[in-house]
Amino acid sequence: MFLLHEYDIFWAFLIISSLIPILAFIISGVLAPINEGPEKLSSYESGIEPMGDAWLQFRIRYYMFALVFVVFDVETVFLYPWAMSFDVLGVSVFIEAFIFVLILIVGLVYAWRKGALEWS
């Protein structure tokens with residue numbers, strides 16, 4: 001027999017944390033004034049009159065730079081538990097972490113050679 005009563009706190013937390021944003025959206029939808037007009041439909045640029053179209057095309061280098069940052073940010077998230085439990089897990093985990101870092105270094109060298117890290 002499954003002992004699901006051990007997860008009561010988890011389910012309560014899950015339900016409450018799901019209801020709070022749903023209620024916030026419902027309450028803001030009910031209380032928000034509905035004023036449609038040209039000012040409401042114009043783009044907002046820090047209080048300055050907007051010049052030109054709001055849809056601008058960004059260079060792909062911004063996205064490539066952000067993608068490389070996210071990859072290495074996630075790398076630190078994966079390496080931290082390995083580093084904290086290195087003495088318990090032994091050499092096999094060190095070899096796995098070393099292979100993981102080597103794969104990321106190969107990706108970094110590839111991005112570097114393609115020019116994704118140049119900011120010009």
Side-chain angles (χ1 to χ4, degrees):
M1 183 112 222
F2 295 111
L3 299 175
L4 292 179
H5 66 275
E6 295 177 2
Y7 293 103
D8 289 344
I9 294 174
F10 169 75
W11 291 114
F13 179 77
L14 185 68
I15 291 170
I16 291 171
S17 63
S18 298
L19 284 177
I20 289 175
I22 291 171
L23 287 174
F25 278 118
I26 291 172
I27 291 171
S28 68
V30 169
L31 296 179
I34 300 172
N35 296 330
E36 293 184 13
E39 290 294 323
K40 183 80 171 182
L41 298 175
S42 69
S43 60
Y44 180 74
E45 294 183 7
S46 302
I48 301 171
E49 284 292 322
M51 292 184 276
D53 195 15
W55 293 99
L56 299 175
Q57 187 174 9
F58 291 102
R59 295 179 62 186
I60 191 69
R61 295 200 187 270
Y62 297 119
Y63 300 111
M64 293 300 294
F65 198 79
L67 185 63
V68 170
F69 169 75
V70 167
V71 165
F72 285 99
D73 196 36
V74 169
E75 172 197 7
T76 58
V77 170
F78 281 126
L79 286 178
Y80 186 73
W82 279 333
M84 290 291 106
S85 60
F86 175 71
D87 56 345
V88 177
L89 298 175
V91 178
S92 66
V93 173
F94 175 73
I95 293 171
E96 290 176 8
F98 187 71
I99 292 171
F100 179 69
V101 170
L102 279 179
I103 292 171
L104 288 172
I105 288 174
V106 168
L108 178 64
V109 169
Y110 176 78
W112 197 339
R113 292 201 179 209
K114 286 291 186 179
L117 302 178
E118 294 176 10
W119 198 267
S120 59

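- The structure places CG of Leu19 at 9.5 Å from CG of Leu14, a figure rounded to the nearest 0.5 Å.
- Hydrophobic cluster membership is shared by Phe69 and Leu108, with clusters built from Ile, Leu, Val, Met, Phe, Trp and Tyr side chains linked at under 4.5 angstrom.
- Within 6.0 Å of the CZ atom in Phe94, the count of heavy atoms belonging to other residues, nucleotides or ligands does not exceed 12.
- Partners of Trp82 under the ring pair (Phe, Tyr, Trp, His ring centres under 6.0 Å) rule, at least two apart in sequence or in another chain, are Phe100.
- Cluster membership for Val74 and Val71, using ILVMFWY side-chain heavy atoms within less than 4.5 angstrom, is shared.
- For the residue pair Thr76 and Asp73, the shortest heavy atom distance occurs at OG1-O, 2.6 Å.
- Atom CZ of Phe10 sits about 10.0 Å away from atom CD1 of Ile15, to the nearest 0.5 Å.
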Assess whether side-chain contact (heavy atoms from CB on, under 4.5 Å) is satisfied between Phe72 and Glu75, documenting all intermediate values. CA-CA 5 Å; Phe72 285 99; Glu75 172 197 7; 2.8 Å; yes
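- Each of Ile103 and Leu79 belongs to its own hydrophobic cluster when Ile, Leu, Val, Met, Phe, Trp and Tyr are linked at side-chain heavy-atom distances under 4.5 angstrom.
- Using a 4.5 Å cut-off between side-chain heavy atoms of Ile, Leu, Val, Met, Phe, Trp and Tyr, with links allowed through other members, Ile105 and Val68 fall into the same hydrophobic cluster.
- By the rule that hydrophobic residues join a cluster once side-chain heavy atoms approach within less than 4.5 Å of another member, Phe25 and Ile16 end up as members of separate clusters.
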